[in-house]
Amino acid sequence: MVSINEVKDKPAGTSYLVKEGMFGKRMTCEQREGEKYYRFEMKNNFLHAVHPLGWFKHIDIEIDGALIPEEEAFLVLRNQWFRVSDIHTIGEVFWNLCEPLAVYIKGGWELALGVHKVKVTFRTSLLEDTRILDLEGKYEERVEFAEADMEMI
């Protein structure tokens with residue numbers, strides 16, 4: 001359910017994202033194939049969420065205000081790993097409404113235990129036709145973001 005505070009100051013049609021409840025509350029540190037990763041989950045809270053992953057032109061991930069390089073971040077959907085830097089090219093995989101996915105960030109740095117501010121910014125194409133991707137950047141972008149406080153455990 002969309003809260004009144006989310007929409008009261010926005011004209012109709014300017015937001016395609018319900019931010020409330022999008023993120024889990026915890027982040028973990030995991031070892032995978034000899035690499036350290038920080039992991040958290042989010043679910044698809046976009047309205048009209050019948051778009052391929054390539055509808056996302058860019059996904060920026062910040063932890064405590066530090067931007068994570070795209071090549072160090074991965075989205076894991078149905079056990080398939082996608083590098084965030086390649087997401088705009090994926091036309092055959094759809095992230096369904098309310099479906100969870102895991103975000104993995106290569107941990108070449110230390111993240112202390114405790115609460116951290118996580119912000120994810122989505123840049124999507126205004127092209128609404130789900131059969132094609134805007135690989136040439138002909139259409140303007142819509143920018144949406146969501147953020148949450150997550151506890152590193």
Just how far is it from atom CD of E99 to atom CG of N44, taken to the nearest 0.5 Å?
8.0 Å
Closest heavy-atom contact between A73 and I61?
CB-CD1, 3.9 Å
Should the pair K25-E41 be classified as a salt bridge under the 4.0 Å nitrogen-to-oxygen rule?
no
Ion pair D149/K117, N-O distance below 4.0 Å:
yes
I'd like to check R78 versus N96 (side-chain heavy atoms, cut-off strictly below 4.5 Å). Are they in contact?
yes
Just do the ring-ring contact (aromatic ring centres under 6.0 Å, His included) check on F122 and F46 with the steps written out, would you?
CA-CA 10 Å; F122 303 91; F46 281 87; 5.1 Å; yes
Between D60 and K119, does at least one N-O distance fall below 4.0 Å, as a salt bridge requires?
no
Verify the neighbour count for atom CZ of R39: are there more than 12 heavy atoms of other residues, nucleotides or ligands below 6.0 Å?
yes
Roughly how far apart are W81 CH2 and D86 CG, rounded to 0.5 Å?
14.0 Å
Is there a side-chain contact between M42 and P100, using heavy atoms and a 4.5 Å cut-off?
no
Side chain proximity check, I63 to W109, heavy atoms < 4.5 angstrom:
yes
Please walk me through it: do Q80 and V93 pass side-chain contact (heavy atoms from CB on, under 4.5 Å)?
CA-CA 10 Å; Q80 298 177 74; V93 178; 4.2 Å; yes
Please answer: with hydrophobic residues joined when any side-chain heavy atoms are less than 4.5 Å apart, are M152 and I105 in the same cluster?
yes
Closest non-hydrogen atoms of Y38 and L111, given as atom of the first, atom of the second and distance, are OH-N, 2.9 Å
From CG (D64) to CE (M150), nearest 0.5 Å:
11.5 Å
Answer yes if V76 and F40 sit in the same cluster of Ile, Leu, Val, Met, Phe, Trp and Tyr residues linked by side chain heavy atoms under 4.5 Å apart, and no otherwise.
no
Within a radius of less than 6.0 Å around CD of Q31, do more than 12 heavy atoms belonging to other residues, nucleotides or ligands occur?
yes
Within 45° cone and under 6.0 Å: K57 NZ/CZ vs Y139 ring:
no
Using the ring of each side chain (for Trp, its six-membered ring), is Y37 parallel, tilted or perpendicular to Y104, with breaks at 30° and 60°?
perpendicular
Looking at NE2 of H116 and CZ of R26, how far apart are the two atoms once the value is rounded to the nearest 0.5 Å?
14.0 Å
My understanding is that only one of T121, L75, I68 makes a side-chain contact (heavy atoms from CB on, under 4.5 Å) with I59; could you say which?
L75
Starting from the C-alpha separation in whole Å, work towards a yes-or-no answer on side-chain contact (heavy atoms from CB on, under 4.5 Å) for V118 and M27.
CA-CA 10 Å; V118 175; M27 191 178 332; 3.6 Å; yes
Identify whether the distance between the nearest side-chain nitrogen and carboxylate oxygen of K19 and E144 falls below 4.0 Å.
no
Ignoring hydrogens, what is the shortest heavy-atom contact between N45 and E20? Give both atom names and the distance.
ND2-O, 3.2 Å
Nearest-0.5 Å distance, NE2 of residue H58 to OG of residue S125:
11.0 Å
For the pair R123 (side chain) and V143 (backbone), establish whether a donor and an acceptor sit closer than 3.5 Å, ignoring hydrogens and angles.
no
Transitively linked via ILVMFWY side-chain contacts under 4.5 Å: W95 with F74?
no
Going through the checks in order, is the side-chain contact (heavy atoms from CB on, under 4.5 Å) test met by F145 and V120?
CA-CA 6 Å; F145 74 91; V120 179; over 6 Å; no
Heavy-atom pair with the smallest gap, counting every atom of I87 and F82
CD1-CB, 4.1 Å
State, to 0.1 Å, how close L113 and I153 come at their nearest heavy-atom pair, and which atoms those are.
CD2-C, 3.7 Å
For the student: nearest non-hydrogen atoms of E30 and T28, plus distance:
OE2-OG1, 3.5 Å
